[in-house]
Amino acid sequence: MKITINDDFDLDKIINSGQCFRPKKTGDNTYRFVTGEHIVEITNVSSHSAISDPNAPTELDVSCREKEWNEVWQSYFDLDTDYRKIRAGIPKEDTYLKEAASCGAGIRILRQDRFEMLISFIISQRKSIPAIRTSVERLVERYGHDGFFPNPVELLAATEDDLCACGLGYRVPYVRKATELVAHKDIDLDALDDLSDEELFGELKSFHGVGDKVANCIALFAYHRTGRAPVDTWIARVINEQYAGVNPFPRYGNVAGIMQQYMFFRAQGKGQYVSEKTL
DNA sequence: CTCCAGGGTTTGC
DNA sequence: GCAAACCATGGA
């Protein structure tokens, strides 16, 4: 099925933005995404001239039917939000963010599976992104089914030794306890969606092994709380070197999390800066 | 071999 | 309240 997108949309930047660990490139201009019990292959079939023009619409060929696209992937890719408008609203005084947003144009904040994000970001602490991917894939292979991330009941089957074999190291008890709480319905991850940002943040931090940074990542990438801006080692470095140690995110209100993603992408040296003139 | 990774918890003051 | 020690592994 053919899809046309009239907004920022760059699959390569999305899968390399650090917000997701499983989506991957499967061929020339083709990418595979998985969430919950859904899987889709997406090929960018835009003409070459359109790819070089940031304002041209993006033409996609997607493997799923229209019903699934509208009910699952439209929301997953946050296609009802105007990212160009958000980028245009960045004050030019914030020159570093202007450049970062130019580099990261095309990134979108994904609405990902809650349990998967909880477990993935617990694992993420003190690990490199490639190492996180390896551990998450091992969980999928051993405890998921049909290539889907294991649901809480499936992951409950993993003993502490099993989890250790997935390279989780000292995080094994964190993942184990979180899985038990969710599988036994002591905590309802879906019900947390009704909470305010601060209340959600507090509930997420009640998990052993979830601190400020991980709670904000889960809030941003699973609950789409775009006002949350996780501060990790990369962002802390940016705050120190570019903002004289003063956290710039409060001024960006409910789009702070989107700005954080642009900065994270830029801080890793990814993306190319495109000057305002060529935009 | 060494170094460090999208941090968090525990401990000691 | 704060700073420092400590944490298991994999990837570079």
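Only heavy atoms go into these numbers, but all of them, side chains included; no hydrogens, no water, no symmetry mates. Below, chain A is the first sequence line, B the second, and so on; all start at residue 1.
- The aromatic ring of Phe121(A) does not stack onto the base of dG6(B), failing the criterion of a centre distance under 5.5 Å from the six-membered base ring together with planes under 30° apart.
- Note: CG (Leu163(A)) to P (dA8(C)) measures 14 Å, nearest angstrom.
- Listed for the Ser206(A) side chain is a donor-acceptor partner under 3.5 Å among the backbone atoms of Glu203(A).
- The local environment of NZ in Lys25(A) is crowded, with over 12 non-hydrogen atoms from other residues, nucleotides or ligands closer than 6.0 Å.
- Heavy-atom distances to DNA chain B give each of Ile132(A) and Gly209(A) a nearest nucleotide, and the one nearer the 5′ end belongs to Ile132(A).
- The separation between Asp212(A) atom CG and dG7(B) atom P is 13 Å, rounded to whole Å.
- The interatomic distance linking Gln125(A) (CD) with dT9(B) (P) rounds to 8 Å, in whole Å.
- Base contact: Gln19(A) has a heavy atom under 4.0 Å from a base atom.
- Distance CZ (Phe264(A)) to P (dG7(B)): 9 Å, rounded to an integer number of Å.
- In this structure, Arg228(A) satisfies the cation-pi test against Phe201(A), with its NZ or CZ atom closer than 6.0 Å to the six-membered ring centre and inside 45 degrees of the ring normal.
- The number of heavy atoms from other shown groups lying within 6.0 Å of CD (Glu66(A)) does not exceed 12.
- Projected onto DNA chain B by closest heavy-atom contact, Phe221(A) and Phe207(A) fall at different nucleotides, the more 5' of which corresponds to Phe221(A).
- Comparing the P positions of dA5(C) and dC4(B) gives a spacing of 16 Å, expressed to the nearest Å.
- When the nearest nucleotides of DNA chain C are assigned to Arg126(A) and Arg138(A) by heavy-atom distance, the more 5′-ward of the two goes with Arg126(A).
- Other residues, nucleotides and ligands place more than 12 heavy atoms under 6.0 Å from the CG atom of Asp186(A).
- Heavy atoms of Cys217(A) sit nowhere under 4.0 angstrom from any nucleic acid atom.
- Within the nucleic acid shown, Gly18(A) comes within 4.0 Å of at least one base atom, counting heavy atoms only.
- Nearest to the side chain of Thr134(A), among dG11(C), dG8(B), dG6(B), sits dG11(C).
- Within the nucleic acid shown, Val210(A) comes within 4.0 Å of sugar-phosphate atoms alone, with no base atom in reach, counting heavy atoms only.
- To the nearest whole angstrom, the two C1' atoms, one in dA4(C) and one in dG6(B), are 22 Å apart.
- The NZ atom of Lys127(A) sits 13 Å away from the P atom of dA8(C) (whole-angstrom rounding).
- The side chain of Ser124(A) contributes no N or O atom lying less than 4.0 Å from OP1 or OP2 of dG7(B).
- Screening Trp73(A), Tyr31(A), Phe77(A), Tyr83(A) for a ring-ring contact (aromatic ring centres under 6.0 Å, His included) with Phe9(A), the sole residue that qualifies is Phe77(A).
- Across the protein-nucleic acid pair, Gln268(A) atom CD and dG6(B) atom P stand 7 Å apart, rounded to whole Å.
- Nearest nucleotide to the Pro130(A) side chain, out of dG11(C), dG10(C), dG7(B): dG11(C).
- Between the side chain of Tyr170(A) and the base of dG7(B), at least one donor-acceptor pair of N or O atoms lies under 3.5 Å.
- Rounded to whole Å, atom P of dG6(B) lies 16 Å from atom CE of Met117(A).
- The residue Ser120(A) sits apart from the nucleic acid: no heavy atom pair falls under 4.0 Å.
- Across all strands shown, Tyr174(A) has heavy atoms under 4.0 Å from sugar-phosphate atoms exclusively, and none from any base.
- When the P atom of dG7(B) is taken as reference, atom CH2 of Trp234(A) falls 10 Å away, rounded to whole Å.
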